[in-house]
2 protein chains.
Amino acid sequence: MTIAQSAEALTLGPLPGSSKHYMEHDGLRVPFRRVHLTNGEQVDLYDTSGPYTEDDPQIDLGRGLPKLRDQWSRPDGPFRTQLEHARAGVLTPEMRFIAAREGVAEELVLQEVAAGRAVIPANRNHPEIEPMIIGKAFRVKINANIGNSAVTSSIAEEVEKMVWATRWGADNIMDLSTGADIHETREWILRNSPVPVGTVPIYQALEKVNGDPVKLTWELYRDTIVEQCEQGVDYMTVHAGVLLRHVPLTAKRVTGIVSRGGSIMAAWCLAHHRESFLYTHFEELCEILRAYDVTFSLGDGLRPGSIADANDAAQFAELATLGELTKIAKSHGVQVMIEGPGHVPMHKIVENVRLEEELCEEAPFYTLGPLATDIAPAYDHITSAIGAAIIAQAGTAMLCYVTPKEHLGLPNRDDVKAGVIAYKIAAHAADLAKGHPKAQERDDALSKARFEFRWHDQFALSLDPDTAMAYHDETLPAEPAKKAHFCSMCGPKFCSMRISADIREQAAAQEALIAEGFEQKSREFAEAGGSVYLPISPA
Amino acid sequence: MTIAQSAEALTLGPLPGSSKHYMEHDGLRVPFRRVHLTNGEQVDLYDTSGPYTEDDPQIDLGRGLPKLRDQWSRPDGPFRTQLEHARAGVLTPEMRFIAAREGVAEELVLQEVAAGRAVIPANRNHPEIEPMIIGKAFRVKINANIGNSAVTSSIAEEVEKMVWATRWGADNIMDLSTGADIHETREWILRNSPVPVGTVPIYQALEKVNGDPVKLTWELYRDTIVEQCEQGVDYMTVHAGVLLRHVPLTAKRVTGIVSRGGSIMAAWCLAHHRESFLYTHFEELCEILRAYDVTFSLGDGLRPGSIADANDAAQFAELATLGELTKIAKSHGVQVMIEGPGHVPMHKIVENVRLEEELCEEAPFYTLGPLATDIAPAYDHITSAIGAAIIAQAGTAMLCYVTPKEHLGLPNRDDVKAGVIAYKIAAHAADLAKGHPKAQERDDALSKARFEFRWHDQFALSLDPDTAMAYHDETLPAEPAKKAHFCSMCGPKFCSMRISADIREQAAAQEALIAEGFEQKSREFAEAGGSVYLPISPA
């Protein structure tokens, strides 16, 4: 399959019961997924999936998505980053788009970006994206990692994974390709992605020196950064916090250094016996990223890779260094977020957020899980969704997903979906717990549909309508069962929701009678009341 | 397939890399799963799976498991419950078995049972089980619901699900059958189950009146209870806390009453306009259960069925009534645990535990999830594993699993396994967070195996070795890959664990050099140090 042909392999069109709705907002078209309920109501949901889920999407992967942001009118004057604009009190089109998309005041977006508590990853050379914001005052976001490795997968597969991941709700994509064709893979992803794209540039730099970390140089890395900035990468993981003095702190760990970037930089530092070029050239790096408004994602190269290593000296020493680098980056007008762990038992999770906020001026925290236990390979989307929900409730702004293949192999399409859905659950659970104004609407609409046996509405409002419907239909496939007042879990006689609806009717009737003082009549009604229970008798 | 034939359909024999190990302990044989690591070490794990996972299991479903507890010598005198024995300071064989199984002092078991903070569900007529304890001072336990409904499934399937669920770690089984053959299904399960079995007797009672709750009577219910006590049921859910005055509190809820038992009792109360026979005859009920040492599981008939209804007046009014009933049951010498929700957003979870402990004298809390959001039908094992981990960390003693089919249909074999594994994760994450003395051993052993690329050991120590191995083998099926220092996730050049091992070697070498004061040599070594990185170069 050539790339140009692969559009045919994409999953296109709206989700069941839904259609793409663009809200017109001061010349901006802000996308939502509009769910059409069978009772005539509508629910508009935040939508990450781009034009691919339009009713009749016109996709040409060779040409790429429309260059949306190029058409927006912008303030005159020299180029500024979103951070610099916000500090100057200037609302950018991206900020207005985001405020409408999140359903919050534009002032909130401006304030949070100006304070560095939120970032808008949007490279000036990536006009195709629908802008989004990462910060604890907003919906918790999730990132899906894709990218090929030397062992398996092709460019077409990775583009397909990107479309697939955003269909299910990925707010960001990271292209972590390490094999051949890194540049070309990224080009196809960037030109066709409706969401911001992040990378770890050291991976490509390492390919250029045939995989030997010792041969890496600042010049080679700088050229790689410029290449990726030019191409339109929106944020970049930079492991500049791995210092020479940190490395010995990992020596007694159960699992050493588990970050790929972290281990590469540690190897370089040890071999050259000096601080890494990422650290010593950090201000030059800031100037390059500023010129494109690329956001730093300061990597946690020394994150714990096991429960035993959580919250140790190596991890927190690096975090303190990331705090210093955050201040430097912000002084250059560059947006910054901070990456976090990893593997952390539940009782040690919240401390990570408090410390990050203290050391890094509340820059958005972007964590990988964390996994709450090490003992469930093949289920690490679940071990980590537990940690992710807890850390997001405590203030983490974006969650990097983990798939069932974590620690075992490269995720395929099904794994990507499983990871995205598990992380949508974690992010949404945190939004609920944080009292995000729009979060509970969806839960309430779904639960109301459930109670009223509007099965199609229950499916349409769920994170994964396809699977919910398939599970229901396993035992009750006929269409009339979609209106039945029971499912196969309890069968018709034992459906509590059905009995409960009957109770509600009867309670209302009794209340009316009691209000009229006919207590005797109430008793008679109750005693003769078999009729209201008829629906649950075998007849 | 007849029941007698169904042994052939069971999954038997040990898990990969493991064998059954019985620890001899004062005439008791306490089961463990012994994992044999490739480096010669052994790890003994808590084992719920009974004789089915012996090397060469001799299973005859028609005869049932050996009557283990009948062979144990017991204190003379009149029959006493575990609670009464504990209060009298008498260690029962069950308590000694449990202390050895949990790896804790016998005194702790005695204390916790005497205080009513832990229960040992073990009907005197259920000699087949390997005793276990439910209480917050011990490992967090999980329960798997099985049972047929009117719509689907057979007795043989349910027996198979029981064996399957305990293979993956279910500490308890509840038989929630509601269709035909309730008594016979239960008999097959009881005689063949290595774990305690719970029921909700109102389901069978309702079958006896053709599904019309209004026709239920105390006499009919009492006879059902006696029948089930005689048969050997270890604990029974009794919705005695649903009072007449509570029912109107549910009228404005989004999802009304979602407990089957709760809705049945509410319907009865309303129709008869008086308190339920479960409440008015509670002391007689206590006397019956005491005679067999059946444990009460006081049901939360008014638990919330949606995020909107969490922690509301109806739920907490019933919990206060359960507190009163707890005191009455304990005054009769009956063991008690308390059932809890349901659907609860994360920020409202801990309050449930605090209130339960305050109102119910710290009787073991036994919760269904809770689900931390309503929006993911087909993934409610995950939405609820998040809530379950948090509520268990706060002190819940047993978690009732939720499968991917929750709200959609009757779980099949795969769903049962998915539910059990998700709940083992939640329970173990809580054990880690609570600092259970044995919990972290397994994480550390697995992480050490991971770091040392002992793939077979990593699989054997995981909750589901079969799936972990299958996922790994999808991309690297050849046996040599089981010793390879990488997997397909990152490929050979980018494996951080491999680089980290190299770093560790080099750091140790440098440290030795520095210690000798040869700093110059260190630099030379580093500069010539390509050799230590050879493993990650393409060669």
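Letters go in sequence order (proteins before strands), and every chain restarts at 1. From a predicted model like this one, the values you see are computed outputs, not experimental measurements. Quick note: numbers below take in every heavy atom, side chains included, and nothing from hydrogens, waters or symmetry partners.
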Colleague: Which answer fits B/T467, side chain, backbone, both or neither, if we ask what part of it has an atom under 4.5 Å from a heavy atom of chain A?
Modeller: both
Colleague: Pick one of side chain, backbone, both or neither for A/L432, based on which atoms fall under 4.5 Å of a heavy atom in chain B.
Modeller: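 For A/L432, the contact with chain B is made by backbone and side chain together.
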Colleague: Between B/D473 and chain A, with a heavy-atom cut-off of 4.5 Å, which part of the residue counts as in contact: side chain, backbone, both or neither?
Modeller: neither
Colleague: Look at A/L461, A/D444, A/T250, A/I349 and state which one has the largest set of heavy-atom pairs under 4.5 Å with chain B.
Modeller: A/D444
Colleague: Just verifying a value: how many Å separate B/D380 CG and A/Y471 OH, rounded to the nearest 0.5 Å?
Modeller: 11.0 Å
Colleague: Quick one: what part of A/I421 sits under 4.5 Å from any heavy atom of chain B, side chain, backbone, both or neither?
Modeller: side chain
Colleague: For B/A468 and A/P377, work out which heavy atoms get closest and say how close.
Modeller: CB-O, 3.8 Å
Colleague: Minimum heavy-atom separation for A/G409 to B/T475, with atom names?
Modeller: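 Nearest pair, atom of A/G409 first, then B/T475: CA-OG1, 4.4 Å.
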Colleague: Counting heavy-atom pairs under 4.5 Å to chain A, which of B/D374, B/D415, B/I390 comes out on top?
Modeller: B/D374
Colleague: When heavy-atom pairs shorter than 4.5 Å are enumerated against chain A, which of B/G387, B/G262, B/S462, B/A470 gives the highest number?
Modeller: B/S462
Colleague: Relative to chain A, which of B/A308, B/G305, B/A422 shows the most heavy atom pairs under 4.5 Å?
Modeller: B/A308
Colleague: So, for B/A433 and A/H347, which heavy atoms are closest and what is the spacing to 0.1 Å?
Modeller: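 Where B/A433 meets A/H347 most closely, the heavy atoms are CA-ND1, 3.3 Å.
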Colleague: Using heavy-atom distances under 4.5 Å, tell me whether B/A430 contacts chain A through its side chain, its backbone, both, or neither.
Modeller: both
Colleague: Could you have a look at A/T255, A/L446, A/L371, A/I382 and say which one has the most heavy-atom pairs with chain B under 4.5 angstrom?
Modeller: A/T255
Colleague: Identify the heavy atoms of A/V254 and B/S447 that sit nearest to each other, and give their distance.
Modeller: CG1-CB, 3.9 Å
Colleague: Could you tell me which portion of B/P404 (side chain, backbone, both or neither) has an atom closer than 4.5 angstrom to a non-hydrogen atom of chain A?
Modeller: both
Colleague: Under a 4.5 Å heavy-atom cut-off, does chain A meet the side chain of B/I375, its backbone, both or neither?
Modeller: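 The answer is both parts of B/I375.
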Colleague: Measuring heavy-atom distances to chain B, does A/T383 have an atom under 4.5 Å in its side chain, in its backbone, in both, or in neither?
Modeller: both
Colleague: How long is the gap from OH on B/Y379 to CD1 on A/I425, to the nearest 0.5 Å?
Modeller: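 It is 7.5 Å, given to the nearest 0.5 Å.
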Colleague: Between chain A and each of B/Q440, B/M469, B/K448, count heavy-atom pairs under 4.5 Å; write down the option with the most.
Modeller: B/Q440
Colleague: Can you tell me how far apart CG (B/D443) and OG (A/S306) are? Round to the nearest 0.5 Å.
Modeller: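 The OG atom of A/S306 is 8.5 Å from CG of B/D443, to the nearest 0.5 Å.
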Colleague: Do A/N412 and B/E474 come within less than 4.5 Å of each other through their side chains, counting heavy atoms only?
Modeller: yes
Colleague: In terms of heavy-atom proximity below 4.5 Å to chain A, should B/R450 be classed as side chain, backbone, both, or neither?
Modeller: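 B/R450 touches chain A through side-chain heavy atoms alone.
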Colleague: Of all residues at least two apart in sequence or in a different chain, which pass the ring-ring contact (aromatic ring centres under 6.0 Å, His included) check with A/H428?
Modeller: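 In terms of ring-ring contact (aromatic ring centres under 6.0 Å, His included), with neighbours along the sequence ignored, A/H428 is linked to no residue.
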Colleague: For chain A, which candidate among B/S259, B/P345, B/P465 shows the most heavy-atom pairs at distances under 4.5 Å?
Modeller: B/S259
Colleague: Let's test your reading of the structure: which of B/R253, B/K215, B/K434 forms the most heavy-atom pairs below 4.5 Å with chain A?
Modeller: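 Heavy-atom pair counts peak at B/R253.
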Colleague: With sequence neighbours left out, what residues match A/A427 under side chain to side chain contact (heavy atoms under 4.5 Å, CB included)?
Modeller: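 A/V140, A/I142, A/L399.
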